There are 2 protein chains.
Amino acid sequence: MQVTMLASMEHKSLSGMDCSVAQCLEVVGEWWSMLIMRDAFLGVRRFNEFQSRLGISSNILQRRLDRLVETGVLAKVRYSDHPPRNEYRLTNKGFDLWPVLDAMRQWGDRYAAPGGPPLLIVHDGCGSVCETIQVCSSCGVSIDPRGISVVAGPGRSGEDLIPKRPITESGR
Amino acid sequence: MQVTMLASMEHKSLSGMDCSVAQCLEVVGEWWSMLIMRDAFLGVRRFNEFQSRLGISSNILQRRLDRLVETGVLAKVRYSDHPPRNEYRLTNKGFDLWPVLDAMRQWGDRYAAPGGPPLLIVHDGCGSVCETIQVCSSCGVSIDPRGISVVAGPGRSGEDLIPKRPITESGR
DNA sequence: CAGAATAGGTTCTATTATGCAAGTGACTAT
DNA sequence: ATAGTCACTTGCATAATAGAACCTATTCTG
């Protein structure tokens with residue numbers, strides 16, 4: 001699998017990595033990136049607003065925003081020329097990170113929210129507070145790792161695949 | 001929102017943080033953690049196997065494994081007493097991180113896999129290569145951020161919520 | 001018009017984490 | 001007896017981070 005470096009630790013790229021999870025981490029795996037994206041989904045756009053909500057130092061925020069723009073998940077949009085002012089908005093590529101963020105939110109709600117979930121999601125379509133469940137795109141049935149098999153795709157040799165076997169401590 | 005620190009950077013905890021995404025990142029937000037979990041889902045169990053697949057140094061691997069055990073997503077299971085040998089298996093809590101990993105994989109496949117997806121998922125139930133889609137747990141319809149509203153839950157005051165507005169550069 | 005405030009940064013330094021290499025202890029295989 | 005494996009642990013140089021101060025342009029306030 002040849003991972004050499006995780007998420008580009010401020011620039012060492014792991015280009016050759018043939019794993020999509022690692023590719024995703026290269027974009028949003030740095031220390032504050034995911035929280036910046038979360039705030040972007042909540043409607044935050046401006047430097048100062050990110051900074052005050054996150055409590056991050058401005059130099060780090062600047063580097064993260066620059067990198068998120070560079071990798072194409074945020075776009076720097078000028079909204080005033082006269083004091084030169086920019087805001088950061090999600091691109092479509094950034095918007096598509098929603099399932100990742102949503103999955104993290106649900107996991108955190110379940111395992112690390114003793115006072116109940118901090119945020120609730122209301123599905124406008126049906127009007128109810130809901131969770132997100134994962135279903136198979138072919139048959140629409142709910143899926144989890146126990147009901148799937150992993151095979152090598154076009155982007156990899158498959159030599160390093162381990163034969164299917166129980167993966168949890170309880171032997172599932 | 002009061003984030004003070006992202007993912008515990010090797011131990012500074014951000015205890016008071018009322019955001020489930022941040023809570024999740026505190027467990028798997030460190031540099032190699034998510035890739036270790038990915039390998040665990042692929043069936044990797046032993047120290048040496050993680051090390052050789054990831055190309056990570058042994059001291060860092062040790063610290064990551066210890067932390068993943070400490071936070072309860074991996075379990076250290078003794079499989080030999082006589083040379084004392086342990087392996088690391090997913091707990092149920094770790095197993096439930098699957099949607100996060102899967103979402104990252106799909107995003108990476110879409111935006112960072114020029115040679116095609118490195119791995120394909122076959123749904124054993126229907127036998128076809130498939131993707132995962134997210135649907136509303138109430139009505140079963142596919143959802144994305146445009147069709148939902150966010151409201152404060154029991155775990156938060158809601159004061160810092162931003163009124164719903166377009167979040168992408170294209171004004172959606 | 002002077003002075004304070006705001007937005008969006010940049011620069012500096014101390015602290016902290018990482019990567020690499022080497023070493024340890026308990027065995028096992030030859 | 002010697003070499004090798006597995007699961008760690010330690011030390012050290014390097015790199016990334018946090019925190020604070022500083023900077024520039026512009027607007028607001030008195």
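The structure presented is a predicted model; accordingly, all values stated were derived computationally and were not measured. In the text below, chain A, chain B and the rest are named by the order of the sequence lines, each starting its count at 1.
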Legend entry - Contacts of F47(A) that satisfy ring pair (Phe, Tyr, Trp, His ring centres under 6.0 Å) - sequence neighbours left out: none

Mind listing the N/O atom pairs, protein and nucleotides 27-30 of chain D, below 3.5 Å?
none

Legend entry - Whichever hydrophobic residues join V141(B) through chains of side-chain contacts under 4.5 Å: none

Roughly, in whole Å, what's the span from [atom1] in [X] to [atom2] in [N]?
X	N	atom1	atom2	value
L54(B)	dT18(C)	CG	C1'	15 Å
L65(A)	dG8(C)	CG	C1'	10 Å
Q62(A)	dC23(D)	CD	P	18 Å
E30(A)	dA18(D)	CD	P	11 Å
Q51(A)	dA7(C)	CD	P	11 Å
R78(A)	dA7(C)	CZ	P	16 Å
I56(B)	dC20(C)	CD1	P	10 Å
R63(B)	dG11(D)	CZ	P	13 Å

Legend entry - Of the listed nucleotides dC8(D), dA18(D), dA17(C), the one nearest the side chain of R64(B): dA17(C)

Inset, instruction - Tell me which of P84(A) and D81(B) sits closer to the 5' end of DNA chain C, going by the nucleotide each one is nearest to. - result: P84(A)

Inset, instruction - Specify the residue among I60(B) and E87(A) whose closest nucleotide of DNA chain C lies further upstream toward the 5′ end. - result: E87(A)

Throw together a table of side-chain donor-acceptor distances under 3.5 angstrom for residues 115-126 of chain A, partners on residues two or more places apart or in other chains.
residue	atom	partner	partner atom	Å
D124(A)	OD1	S149(B)	OG	2.7
D124(A)	OD2	K164(B)	NZ	3.0

Inset, instruction - Ignoring hydrogens and angles, answer whether the base of dT9(D) and the side-chain atoms of S58(B) contain a donor-acceptor pair closer than 3.5 Å. - result: yes

Inset, instruction - Answer yes or no: side-chain N or O of N59(A) and base N or O of dG19(D) forming a donor-acceptor pair under 3.5 Å. - result: yes

Legend entry - Over all atoms of both residues, closest heavy-atom pair of I143(A) and C130(B): CD1-SG, 4.4 Å

Inset, instruction - Mind running salt bridge (charged side-chain N to carboxylate O under 4.0 Å, His left out) on E70(B) and R67(B) for me, showing each step along the way? - result: CA-CA 5 Å; E70(B) 186 190 313; R67(B) 174 142 181 84; 3.5 Å; yes

Inset, instruction - Mind checking salt bridge (Lys or Arg N to Asp or Glu O under 4.0 Å) for R85(B) and listing every partner two or more places apart, or none if nothing turns up? - result: none

Legend entry - Euclidean distance, R89(B) CZ relative to T168(A) OG1, rounded to 0.5 Å: 6.5 Å

Inset, instruction - Please list, chain by chain and in numerical order, all residues satisfying side chain to side chain contact (heavy atoms under 4.5 Å, CB included) with I167(A), sequence neighbours excluded. - result: F41(B), L90(B), F95(B)

Donor-acceptor contacts, no H, no angles, side chain residues 72-80 of chain B, under 3.5 Å, sequence neighbours left out:
residue	atom	partner	partner atom	Å
R78(B)	NE	N86(B)	OD1	3.3
S80(B)	OG	H82(B)	N	3.4
S80(B)	OG	P83(B)	O	2.6

Anything under 3.5 Å between a protein N or O and an N or O of nucleotides 3-6 of chain D, put it in a table, one pair a line.
residue	atom	partner	partner atom	Å
dC6(D)	OP2	N48(B)	ND2	3.0
dC6(D)	O5'	N48(B)	ND2	3.1
dC6(D)	O4'	R85(B)	NH2	3.4
dC6(D)	O3'	R85(B)	NE	3.4
dC6(D)	O2	R85(B)	NH2	2.9

Inset, instruction - Name the nucleic acid region contacted by F50(B), choosing base, sugar-phosphate or nothing; use a 4.0 angstrom heavy-atom cut-off, strictly under. - result: nothing

Legend entry - Pairing residues for Q51(B) by the side-chain hydrogen bond (donor to acceptor under 3.5 Å, both in side chains) criterion, not counting sequence neighbours: none

Inset, instruction - Ignoring backbone atoms, establish whether W32(A) has a side-chain N or O less than 4.0 Å from OP1 or OP2 of dA18(D). - result: yes

